[in-house]
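A short worksheet on the structure shown next.
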Number of protein chains: 2
Amino acid sequence: MARYSGKDLSDEAFEMLGERFKALAEPMRLRLIYALMDGERTVSELVQETGALQANVSKHLRMLLEEGIVGRRKQGLNAYYRIADPTIFELCDLMCGSIQDRLQANLGGFSRSS
Amino acid sequence: MARYSGKDLSDEAFEMLGERFKALAEPMRLRLIYALMDGERTVSELVQETGALQANVSKHLRMLLEEGIVGRRKQGLNAYYRIADPTIFELCDLMCGSIQDRLQANLGGFSRSS
DNA sequence: AAATCACATTGCCATACGGTAATAGTCTAA
DNA sequence: TTAGACTATTACCGTATGGCAATGTGATTT
């Protein structure tokens, strides 16, 4: 049951869609998201799991937070992040599936219709 | 039936996922995709529908083509583009729904857990 | 063959963005 | 209150990217 396919979207809608996809368009942010798929994590834990610098992790988390993709709670010294938008699971699954399909289709040499 | 959620992905997989999402992370490319949701279009038609310059349309279409999101066929002077990856419909629907939900949740003032 | 049409490509510029280092802020423990 | 742990923010730099203008390429028409 497609909700929006083919409908005309406003300029603002296209902007919002773009920004949202952009939040998922960086490997490091995807790493953070996938780490959070197992459950809540502190920033320190995410730093460990991703191998990135703390400043970068915080910066990326901030963007994900502003986009509503993750949520945050503070307890003591720690900040706990979690997936706040369950849609993310389906989005990543779909995209991974699409990539798989594309790789399958390209077995035995690439084909570019031209 | 989630296919990949929570699984560990390789560095390369995260890169591919990121690149693919990046293809959808620009308003102009989303406009092109939405125009193609009604069916095949020539470059000229897309230029008209989007109001963008022909050079930009061609450049964006190239990226979508390389990502396997659109397909292309040439006939005479024209190049006809079409959606090649049906996953795009679901992805955009899901994302639009997610945005809707977020806007709904924010009625009556923004809330940022901090 | 020359002109024309449709599209692709290239170079340029301004902006955006990621990584890094340094600093600031906040909470806890002593 | 001072020190230390955890997180956020800022400034800086190099790269990537989008829009634009100009040019290149291939097919069609005359």
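In what follows, chains are A, B, ... by sequence order, proteins preceding strands, each numbered from 1. Quick note: numbers below take in every heavy atom, side chains included, and nothing from hydrogens, waters or symmetry partners.
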*Do Ser44(A) and Gln48(A) have a side chain donor and acceptor closer than 3.5 Å?*
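Their side chains do not contain a donor-acceptor pair, so the 3.5 Å distance test is not met.
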*Please figure out whether Ala55(A) or Ser58(B) has its closest DNA chain C nucleotide nearer the 5' end.*
Ser58(B)
*Which heavy atom of Thr50(B) sits nearest a heavy atom of Arg31(B), and at what distance?*
CG2-CB, 4.2 Å
For [N] and [X] - does any side-chain N or O of the residue sit under 4.0 Å from the phosphate oxygens OP1/OP2?
X: Tyr81(A); N: dA8(D); result: yes
X: Arg72(B); N: dC7(C); result: no
X: Tyr80(A); N: dC6(D); result: no
X: Asn78(B); N: dC7(C); result: yes
X: His60(A); N: dG19(C); result: yes
X: Arg62(B); N: dT9(C); result: yes

[Y] side chain reached by [X] side chain, heavy atoms, under 4.5 Å:
X: Ile69(B); Y: Arg29(B); answer: no
X: Arg41(B); Y: Tyr81(B); answer: no
X: Lys22(B); Y: Glu67(B); answer: no

Side chain of [X], heavy atoms from C-beta onward: which of [options] has the nearest atom to it?
X: Thr42(B); options: dC7(C), dC6(D), dG19(D); answer: dC7(C)
X: Ser44(B); options: dT26(C), dC7(C), dA8(D); answer: dC7(C)
X: Asn56(B); options: dC20(D), dA6(C), dC7(C); answer: dC20(D)
X: Leu77(A); options: dA21(D), dA8(C), dT26(C); answer: dT26(C)

*Using the rule that two of Ile, Leu, Val, Met, Phe, Trp, Tyr join whenever any of their side-chain heavy atoms come within less than 4.5 Å, decide whether Val70(A) and Leu9(B) are in one cluster.*
yes
Rounded distance (Å) that lies between atom [atom2] of [N] and atom [atom1] of [X]:
X: Met63(A); N: dA8(D); atom1: CE; atom2: C1'; value: 17 Å
X: Leu53(B); N: dA21(D); atom1: CG; atom2: P; value: 6 Å
X: Leu32(B); N: dC7(C); atom1: CG; atom2: C1'; value: 14 Å
X: Arg73(B); N: dA8(C); atom1: CZ; atom2: P; value: 14 Å
X: Phe14(A); N: dG18(D); atom1: CZ; atom2: P; value: 16 Å
X: Arg41(B); N: dA6(C); atom1: CZ; atom2: C1'; value: 17 Å
X: Leu30(B); N: dG18(D); atom1: CG; atom2: C1'; value: 14 Å
X: Leu65(A); N: dT7(D); atom1: CG; atom2: C1'; value: 13 Å

*Record whether the side chain of Gln54(B) comes under 3.5 Å of the base of dA6(C) through a donor-acceptor pair of N or O atoms.*
no
*asked:* Would the base of dG19(C) count as contacting Lys59(A) through its side chain, where contact means a donor and an acceptor less than 3.5 Å apart?
replied: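 Under the 3.5 Å cut-off, the side chain and the base do form a donor-acceptor pair.
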_Heavy-atom nearest nucleotide on DNA chain D for Arg29(B) versus Gln75(B): which residue maps closer to 5'?_
Arg29(B)
